Protein chains: 2
Amino acid sequence: MNVMPASYDMLFAALSDPTRRGIFEKLCHDGEQTVHALTAGAGVSQPAVSKHLAILKQAGLVLDRREGRETHYSARPDALAPLMDWTGRMTRFWQKRFDKLEDLLKRMDQ
Amino acid sequence: MNVMPASYDMLFAALSDPTRRGIFEKLCHDGEQTVHALTAGAGVSQPAVSKHLAILKQAGLVLDRREGRETHYSARPDALAPLMDWTGRMTRFWQKRFDKLEDLLKRMDQ
DNA sequence: TCAATCGATAACCATGCGGTTATTGGTTTG
DNA sequence: CAAACCAATAACCGCATGGTTATCGATTGA
């Protein structure tokens, strides 16, 4: 399957679960890993990890690569770009309104 | 109540719902508003909006100010800072590993 | 070939979540 | 004071979610 663009909903939701975020962090930090390796550090069962990985994949946050009987997963941190964009946009909106207010106060002061 | 620091879980979870994100976006864009005004654009009932606002407040994303019989809510976009930090950290981790790989390949090339 | 391993899926369960309507506590206003 | 209004809470409902164990298909190794 192709790399998915993923919606804000899916991105935020995928990262809102601590177990899932832990898996993604591990992948970012230590690079590609098998489901087995990820299960070791996850604190939940292997099927649970598989389900989490499926969700991360749907959100575009990880890639999978089949190799024999094992599946290797890797992080795709550029999938976080929309999240940074959105965050920046919100902050800018707010900043803009703040600037306007400052202007107004300055004009009133004169 | 004091301004809450809020965990990653709460931040991501609060923003994973489209209705809630819509409310927060409106507050960032248009500034302080009453529950009534927010309800108008939200597409859900007033109690639903109140519940969403409570969740945003718990995540530290909004502030409320009581004035007579109406409550005014406003965005607190600096609450997004941890989110940006986390995102940046993940990207840096990944970049670091990538750089190491590049180094290795360069050394092997000589 | 047979046993073991890997990872995904199925089936199930408890809990949480987003929505609703009804109600309540305060606050204005007529 | 009574009526209207605002926002929060209560009580409920359906469904999604995160977890489990059991199983299955595929692959590897003895």
Side-chain angles (χ1 to χ4, degrees), chain A residues 1 4 6-27 30-75, chain B residues 1 4 6-27 30-75:
Chain A
M1 211 199 265
M4 261 195 235
S7 67
Y8 291 117
D9 283 31
M10 287 205 294
L11 269 179
F12 280 114
L15 296 173
S16 69
D17 182 82
T19 305
R20 215 144 48 213
R21 215 168 43 243
I23 292 175
F24 182 71
E25 287 173 358
K26 196 173 176 188
L27 286 175
D30 303 336
E32 196 186 70
Q33 295 185 48
T34 66
V35 176
H36 229 73
L38 290 171
T39 301
V44 293
S45 66
Q46 175 266 311
V49 171
S50 276
K51 277 206 251 178
H52 282 308
L53 286 168
I55 291 172
L56 288 171
K57 183 179 168 187
Q58 256 227 319
L61 288 164
V62 301
L63 290 176
D64 60 336
R65 181 176 65 83
R66 192 65 175 271
E67 188 181 322
R69 62 182 163 181
E70 46 192 8
T71 312
H72 297 255
Y73 282 86
S74 55
Chain B
M1 211 197 267
M4 264 198 230
S7 66
Y8 291 118
D9 283 31
M10 289 205 292
L11 269 179
F12 280 114
L15 297 172
S16 69
D17 181 81
T19 305
R20 217 144 45 212
R21 217 168 42 243
I23 291 175
F24 182 72
E25 287 173 358
K26 197 175 177 190
L27 285 176
D30 303 337
E32 196 185 69
Q33 294 185 50
T34 67
V35 175
H36 228 72
L38 291 170
T39 301
V44 293
S45 67
Q46 174 265 311
V49 172
S50 276
K51 279 207 249 176
H52 283 307
L53 286 168
I55 292 172
L56 289 170
K57 183 179 168 186
Q58 256 227 319
L61 288 164
V62 301
L63 289 177
D64 59 336
R65 180 175 66 81
R66 192 68 174 270
E67 187 181 323
R69 63 182 163 184
E70 47 193 9
T71 311
H72 297 255
Y73 282 86
S74 54

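Residue numbering restarts at 1 for every chain, and letters A, B, ... go by the order of the sequence lines. Being a predicted model, the structure only gives us computed values, none of them experimental.
A close approach under 4.0 Å does not occur between any side-chain nitrogen or oxygen of Ser45(B) and OP1 or OP2 of dG19(C).
Taking atom CD1 of residue Ile23(A) and atom P of nucleotide dG7(C), one finds them 13 Å apart after rounding to whole Å. If you measure from atom CD of Gln46(A) to atom P of dT9(C), you get 11 Å, rounded to the nearest angstrom. The CD1-P distance, from Ile55(B) to dG16(C), rounds to 13 Å in whole Å. One atom, NZ of Lys57(A), and another, C1' of dG7(C), lie 12 Å apart when rounded to the nearest Å. Atom pair Leu56(B):CG and dC17(C):P shows a separation of 14 Å (rounding to whole Å applied). At whole-Å resolution of the value, CG in Leu15(B) and C1' in dG18(C) are 16 Å apart. Going from atom CG of Asp17(B) over to atom C1' of dG18(C) covers 7 Å, rounded to whole Å. Whole-Å rounding puts the Arg69(B) CZ to dT29(C) C1' distance at 7 Å.
Residue-level contact check: Arg20(B) touches the backbone only, with heavy atoms under 4.0 Å from sugar-phosphate atoms and none from bases. Counting non-hydrogen atoms under 4.0 angstrom, Thr39(B) reaches nothing in the nucleic acid. Counting any heavy atom pair closer than 4.0 Å across all strands shown, Thr71(A) reaches sugar-phosphate atoms only and no base atom.
Of the two residues near DNA chain C, Ser50(A) and Ala13(B), the one whose nearest nucleotide lies more 5' is Ser50(A). Along DNA chain D, the nucleotide nearest Tyr73(B) and the nucleotide nearest Gly68(A) are compared for position; the residue whose nucleotide lies closer to the 5' end is Tyr73(B). The residue among Ala48(B) and Lys51(A) whose nearest nucleotide of DNA chain D is located toward the 5' end is Ala48(B).
Glu67(A) and Thr71(A) are not linked by any side-chain donor-acceptor pair at a separation below 3.5 angstrom, with hydrogens and angles left out of the test.
Looking at Glu32(B) and Arg65(B), their side chains come closer than 4.5 Å, going by heavy atoms from C-beta outward. Side chains of Val35(A) and Tyr73(A) form a contact here, defined as non-hydrogen atoms less than 4.5 Å apart. Between Leu38(A) and Leu27(A), the closest side-chain pair of non-hydrogen atoms falls below 4.5 Å.
Contacts between chain A and DNA chain D, taken as any atom within less than 4.0 angstrom of a protein heavy atom, begin and end at dG18(D) to dT28(D).
The shortest heavy-atom contact between Val62(A) and Leu53(A) is CG2-O, 3.9 Å.
Across dG19(C), dT9(C), dA22(C), the shortest atom-to-atom separation from the side chain of Thr19(B) is found for dG19(C).
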Mind listing the side-chain donor-acceptor pairs of residues 12-20 of chain A below 3.5 Å, one per line with the distance, residues two or more places apart or on another chain?
residue	atom	partner	partner atom	Å
Ser16(A)	OG	Ala13(A)	O	2.8
Asp17(A)	OD2	Thr19(A)	N	3.0
Asp17(A)	OD2	Arg20(A)	N	3.0
Arg20(A)	NE	Ala14(A)	O	2.9
Arg20(A)	NH1	His52(A)	ND1	3.3
Arg20(A)	NH2	Ala13(A)	O	3.1

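A distance of 4.5 Å separates CG of Asp9(B) from CZ of Arg21(A), quoted to the nearest 0.5 Å.
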